[in-house]
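Working notes, beginning with the structure itself.
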Amino acid sequence: MADTPVQKGLTPTQWDDQFFAEYVRSNQFARYQGTDEGSIIQLKDALQRKAGDSVVFAAVRKLRGSGVRGNEVLEGNEDELDSRSLKVVVQPIRNAVVLTDWDEQRSVIDMRNAAKPALQNWIMELWRNDLISALGQVALNANGLPIPFINATATQRNNWLAANSDRVLFGNSVSNNTGDAAASLATINNTTGKMTAATITLAKRRARLAGSVIGSDGFNRPAIRPYQVKEGANLGQEWYMMFTNSYAFRDLQNDPVMAQANRDARERDVATNPIFTGGDLVYDGVIIREIPELNQYMAAGASGIQVGPSYMCGAQAIGAAWAQRTKSTTDDRDYNFRHGVGVQEIRGMSKLQFGVGINDTDTLVDAGVFTIYTAAVPDA
């Protein structure tokens with residue numbers, strides 16, 4: 001008598017592997033993720049092979065010395081290799097749903113598949129929300145988790161602004177940064193404080209210059225490195241990626257310079273031109289993507305207008321770490337009438353901030369994020 005084989009894809013291990021791969025690959029930030037230091041969102045899973053509650057991300061600053069020439073002696077004139085590290089704390093994340101025999105008369109494995117869409121949507125939305133919180137991170141709480149600007153105290157906001165004054169822009173003028181977060185936000189109005197093509201160019205220039213000088217404390221400040229295209233016809237081309245809220249994206253779409261660029265410089269193709277598709281905007285080496293869920297709005301602008309952040313990202317903007325990849329769990333109860341199926345993982349996520357003082361954690365500076373606050377007034 002022939003044995004009945006278990007169909008491929010129905011065993012828990014294979015289900016877990018497929019679930020994890022689809023969840024990481026399908027989220028809206030997927031194309032910007034990678035395991036190397038040139039990725040905007042750097043992924044690590046080192047703790048899967050050893051114990052621990054945090055994963056270390058490292059950064060090596062560029063060499064600043066002049067070297068030697070000719071017959072000059074190199075010994076004693078070596079350059080300093082300034083390396084920094086940041087720990088990203090991980091924690092368990094879990095959720096589950098319950099099906100009854102009345103709901104679904106299937107095996108446990110089929111139950112996993114029945115619950116898969118709901119669980120996958122939940123964990124993808126959580127990943128997105130955690131990433132948005134990390135982009136806005138200005139401090140860490142007692143458990144090492146991100147505190148975004150919108151939830152931070154005035155002191156936390158001002159401390160972050162003092163450390164990152166060369167990588168934050170309020171409105172369309174560098175001088176709007178008064179050194180105080182609340183006062184700086186209050187300079188943004190709905191006339192000159194909107195997101196425009198000129199804002200993109202200014203922010204990009206400021207991002208590129210952010211790491212070009214040594215800070216007043218005498219230590220290297222990290223450059224906001226653009227990420228490089230790794231394949232295709234544009235191999236090696238450098239870009240910044242900007243994630244923006246819906247109202248800032250609307251203002252940028254309506255900016256005459258941006259509209260002209262879409263009309264005259266991009267292909268007149270209904271399938272690709274954002275005039276028709278509403279897709280990503282591209283300007284001056286920056287790709288601008290609307291993230292509707294990036295709704296960290298504050299009534300803090302001039303005359304109390306609503307303002308919101310956008311984030312121009314280069315390499316090593318965000319660190320995401322897994323100690324345990326996503327796996328399915330089950331729970332049978334009520335005389336095996338109710339069957340629970342869930343997912344769990346152990347991971348953490350944080351903006352990568354490296355110290356510019358003597359110690360790794362002295363004066364934390366955003367390594368790969370340039371933050372822009374602009375008017376975000378709702379539609380009338």
Side-chain angles (χ1 to χ4, degrees), residues 9-34 40-45 47-48 53 55 88-137 141 143-148 150-151 243 245-246 289-297 311 318-334 337-351:
L10 295 185
T11 62
T13 299
Q14 290 170 327
W15 188 97
D16 293 346
D17 289 345
Q18 182 186 39
F19 183 99
F20 179 81
E22 290 179 357
Y23 136 55
V24 173
R25 185 175 62 243
S26 301
N27 76 78
Q28 63 194 113
F29 295 97
R31 69 177 66 181
Y32 313 111
Q33 300 171 169
I40 292 175
I41 304 167
Q42 187 179 2
L43 309 178
K44 282 197 173 188
D45 60 2
L47 283 184
Q48 290 192 96
D53 62 359
V55 174
V88 174
V89 176
V90 299
Q91 63 176 346
I93 297 171
R94 303 189 298 159
N95 202 359
V97 298
V98 174
L99 301 174
T100 68
D101 281 349
W102 186 253
D103 295 326
E104 194 66 56
Q105 297 184 27
R106 298 182 180 182
S107 70
V108 171
I109 303 305
D110 284 334
M111 282 174 50
R112 285 188 173 92
N113 290 332
K116 181 178 179 180
L119 293 171
Q120 193 168 66
N121 286 339
W122 174 82
I123 205 164
M124 285 171 58
E125 289 180 0
L126 184 64
W127 171 274
R128 178 201 64 209
N129 294 341
D130 287 352
L131 196 149
I132 289 174
S133 293
L135 285 169
Q137 174 184 322
N141 66 19
N143 296 319
L145 302 177
I147 301 174
I150 194 170
N151 296 331
F243 303 112
N245 64 77
S246 292
R289 167 161 288 196
E290 178 187 10
I291 304 294
E293 296 81 11
L294 209 168
N295 52 2
Q296 302 167 334
Y297 300 123
Y311 304 106
I318 300 294
W322 276 276
Q324 179 190 86
R325 288 191 173 188
T326 317
K327 71 174 185 179
S328 60
T329 56
T330 58
D331 178 39
D332 296 324
R333 57 188 186 275
D334 191 17
F337 182 75
R338 301 184 186 277
H339 310 286
V341 58
V343 291
Q344 73 176 46
E345 63 182 10
I346 302 176
R347 70 155 170 84
M349 189 179 301
S350 177
K351 179 190 287 185

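Note that the structure is a prediction, hence the values are computed from the model and not measured.
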Open item on the list: Under the rule for side chain to side chain donor-acceptor pair (under 3.5 Å), what residues qualify as partners of Thr326, not counting sequence neighbours?
Closed with: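 Result, side chain to side chain donor-acceptor pair (under 3.5 Å) vs Thr326: Glu345.
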Is any side-chain heavy atom of [Y] closer than 4.5 Å to one of [X]?
X	Y	result
Ile93	Arg347	yes
Gln91	Ile346	no
Leu119	Phe19	yes
Phe29	Ile40	no
Glu22	Lys116	yes
Ile318	Tyr32	no
Gln137	Ser350	yes
Leu131	Ile41	yes

Task: Where at least one partner belongs to residues 89-100, residue pairs that pass salt bridge (Lys or Arg N to Asp or Glu O under 4.0 Å), sequence neighbours excluded - done: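 Listed once each, the pairs would be none.
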Closest approach of [X] and [Y], non-hydrogen atoms and distance?
X	Y	answer
Ala323	Val90	CB-CG2, 4.0 Å
Pro146	Ser133	CB-O, 4.4 Å
Val88	Ala321	CG1-CB, 4.5 Å
Gln296	Pro148	NE2-CB, 4.4 Å

- [ ] Would you please indicate yes or no on a ring centroid separation below 6.0 angstrom for Phe20 and Trp322?
- [x]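 Judged by ring-centre distance (under 6.0 Å), Trp322 and Phe20 do meet the cut-off.
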Open item on the list: Under a plain distance cut-off of 3.5 Å, with no hydrogens placed, do Glu290 and Ser246 share a side-chain donor-acceptor pair?
Closed with: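 Yes.
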[X] [atom1] to [Y] [atom2] distance, which is reported to the nearest 0.5 Å:
X	Y	atom1	atom2	answer
Tyr297	Asn245	OH	CG	4.0 Å
Thr100	Arg333	OG1	CZ	11.0 Å
Arg325	Gln344	CZ	CD	15.5 Å
His339	Thr330	NE2	OG1	10.5 Å

Can a donor-acceptor pair be found, under 3.5 Å and without considering hydrogens, that links the side chain of [X] to the backbone of [Y]?
X	Y	answer
Asn151	Ile147	no
Asn141	Leu145	yes
Asp331	Gly340	no

Open item on the list: Looking at Arg289, I'd like to know if its CZ atom is crowded, meaning that more than 12 non-hydrogen atoms belonging to other residues, nucleotides or ligands lie closer than 6.0 Å.
Closed with: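 Yes, the 6.0 Å shell around CZ holds more than 12 heavy atoms from other groups.
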Open item on the list: Applying side-chain contact (heavy atoms from CB on, under 4.5 Å) to Leu294 and Tyr311, what does each step give before you reach the verdict?
Closed with: CA-CA 10 Å; Leu294 209 168; Tyr311 304 106; 3.8 Å; yes
- [ ] Show your reasoning for whether side-chain contact (heavy atoms from CB on, under 4.5 Å) applies to Arg31 and Gln33.
- [x] CA-CA 6 Å; Arg31 69 177 66 181; Gln33 300 171 169; over 6 Å; no
TODO: Show your working on side-chain contact (heavy atoms from CB on, under 4.5 Å) between Ile123 and Asn95 and close with a plain yes or no.
DONE: CA-CA 9 Å; Ile123 205 164; Asn95 202 359; over 6 Å; no
